[in-house]
Protein chains: 4
Amino acid sequence: MNFTNEKAIFLQIADHFFDSILAGKWPEGERIPSVREMALAMEVNPNTIMRTYSYLQDNDVVFNRRGLGYFVSPSAKERVKAIKRNNLIENELPKLFEAMRLLEIDFEELRELFSIHHSKL
Amino acid sequence: MNFTNEKAIFLQIADHFFDSILAGKWPEGERIPSVREMALAMEVNPNTIMRTYSYLQDNDVVFNRRGLGYFVSPSAKERVKAIKRNNLIENELPKLFEAMRLLEIDFEELRELFSIHHSKL
Amino acid sequence: MNFTNEKAIFLQIADHFFDSILAGKWPEGERIPSVREMALAMEVNPNTIMRTYSYLQDNDVVFNRRGLGYFVSPSAKERVKAIKRNNLIENELPKLFEAMRLLEIDFEELRELFSIHHSKL
Amino acid sequence: MNFTNEKAIFLQIADHFFDSILAGKWPEGERIPSVREMALAMEVNPNTIMRTYSYLQDNDVVFNRRGLGYFVSPSAKERVKAIKRNNLIENELPKLFEAMRLLEIDFEELRELFSIHHSKL
DNA sequence: GTGGTCTAGACCACC
DNA sequence: GTGGTCTAGACCACA
């Protein structure tokens with residue numbers, strides 16, 4: 001996997017999980033790869049994965065059973081959706097709208113850009 | 001001024017300048033505060049302001065006259081607008097649209113949030 | 001059975017035995033379930049039960065007869081009581097009293113909490 | 001400093017801070033030692049201190065200012081008191097009272113042990 | 001096998 | 001100087 005330098009690797013891996021969960025991979029209750037397996041797969045130090053998993057656990061997206069591994073939380077998908085959705089609405093959209101106002105971009109222009117984006121998919 | 005820990009302080013101050021310039025404060029050619037004044041006002045280390053000013057200069061938003069200080073560039077406003085607009089369209093909007101797709105937020109909902117945002121102003 | 005992650009599972013199961021013995025279930029001399037039965041009942045790896053039983057044996061609460069199984073020791077109840085009582089007085093109470101001092105909880109308040117606890121039973 | 005093996009070192013150091021804050025050292029707003037200083041003082045790896053400080057920050061007992069260090073939160077003392085007090089009343093005391101019941105220790109005996117503890121100070 | 005903690009030492013951005 | 005992240009490698013308790 002390729003990582004940016006703009007964001008901590010352990011967070012990029014966490015985002016990777018968030019996205020996978022949102023996309024419907026990882027059914028609830030499923031065991032995620034062990035710390036060591038993941039470290040090998042991502043070509044990253046086990047400590048870094050450990051940090052990702054702790055972070056996911058703090059956010060109630062996975063839980064841990066002693067000696068067995070980490071498992072996707074029930075309702076993980078809803079949790080992720082809620083976290084991201086909330087962040088979008090509370091933080092990112094207000095910034096966007098404010099920027100649009102200052103840059104004199106109106107909503108019609110946004111609609112066009114939106115169409116262009118989707119036609120590329 | 002209050003700073004977040006998520007972004008470098010010198011960049012937060014630069015954004016502050018960008019916004020002020022966009023908002024029409026700072027007529028072209030006007031002298032901006034000296035590094036020391038600004039550092040005092042922002043309760044920040046002068047090195048940090050120095051970094052902000054260098055950054056603004058790199059982006060042709062201010063220019064420097066030895067011994068006199070920093071001055072707002074002619075067409076600074078247009079420069080800022082172009083920089084921000086480009087960044088918005090190339091980087092931020094595609095991310096936003098992708099996030100909307102995953103979170104199942106459609107364009108109608110975005111329009112509503114947009115209205116709510118503007119009714120609060 | 002539900003386990004917490006804060007304490008080793010084999011110790012949680014051991015505590016379960018301690019409590020049952022104190023509460024008067026498990027007459028002295030009675031055979032306790034086989035390792036396999038217990039593992040099934042607790043939904044736990046047999047190794048884990050094995051560890052519990054060894055631990056109980058080390059504390060003279062059960063004894064083992066080859067080929068027959070594990071049996072509750074004579075005077076198991078008194079043993080458990082002594083172990084727990086000693087642990088309480090030597091380790092837990094001093095910690096509690098020290099915590100009370102720092103948190104400015106006096107003995108009167110403790111008495112009230114004690115009453116509340118018992119009124120709930 | 002001497003550490004137990006029963007509990008993670010980074011948590012023992014965190015407890016050390018909790019206790020110091022409760023005891024009234026560390027006025028609010030005061031800067032705590034830098035990660036490196038603390039690591040030297042405690043004869044421990046800087047990473048370990050880093051973990052302690054992150055933990056304290058997660059619990060709103062300290063906050064961080066970029067490049068300057070960690071500072072005791074306003075109301076840190078009340079936060080610590082509330083955390084510990086709540087934990088005592090909700091978790092530890094019920095366990096204690098239940099143990100007392102099973103071990104047939106009555107409240108008078110507790111009072112005696114309490115007196116003995118305090119006469120030792 | 002699993003996770004969890006720790007050390008040693010490096011590199012980075014930022015103040 | 002400050003914190004923050006990462007690697008490499010070790011050791012431990014637990015299932």
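Throughout, a chain's letter reflects where its sequence line sits, starting with A, and its residues are numbered from 1.
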(request) If a protein heavy atom is under 4.0 Å from the base, mark B; if only from the sugar-phosphate, S; if neither, -; do that for nucleotides 5-15 of chain E going 5' to 3'. (result) BBBBB----SS
(request) Carefully, step by step, assess A:V80 and A:N59 under the rule side chain to side chain contact (heavy atoms under 4.5 Å, CB included). (result) CA-CA 9 Å; A:V80 173; A:N59 283 278; over 6 Å; no
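Counting only residues at least two apart or on different chains, the salt bridge (Lys or Arg N to Asp or Glu O under 4.0 Å) pairs with a member in residues 12-21 of chain C are C:K7-C:D15, C:D19-C:K84. Under the salt bridge (Lys or Arg N to Asp or Glu O under 4.0 Å) criterion, the residue pairs touching residues 66-79 of chain A are A:D60-A:R79, with sequence neighbours excluded.
In this structure, the side-chain contact (heavy atoms from CB on, under 4.5 Å) partners of D:R36, at least two apart in sequence or on a different chain, are D:S34. Taking D:P33 as the reference, D:W26, D:E37, D:M38, D:Y53 meet the side-chain contact (heavy atoms from CB on, under 4.5 Å) condition, with sequence neighbours excluded.
Protein atom CD of C:E6 is 16 Å distant from nucleotide atom C1' of E:dG3, rounded to whole Å. The interatomic distance linking D:N5 (CG) with F:dC12 (C1') rounds to 9 Å, in whole Å. As a whole-Å value, the separation of A:Y70 OH from E:dG1 C1' is 15 Å. For A:I32 and E:dT2, the CD1 to P distance is 12 Å, given to the nearest whole Å.
Neither side chain, A:N64 nor A:Q57, offers a donor N or O lying under 3.5 Å from an acceptor on the other.
Stem regions annotated for DNA chain F: E:1-14 with F:1-14, counting only runs of 3 or more consecutive pairs of Watson-Crick or G-U type with both contacts under 3.5 Å.
With hydrogens and angles ignored, the 3.5 Å screen pairs a side-chain donor or acceptor of C:T4 with a backbone N or O of C:E6.
Note on A:E98 versus A:R101: salt bridge recorded, some NZ/NE/NH1/NH2 to OD/OE distance being below 4.0 Å.
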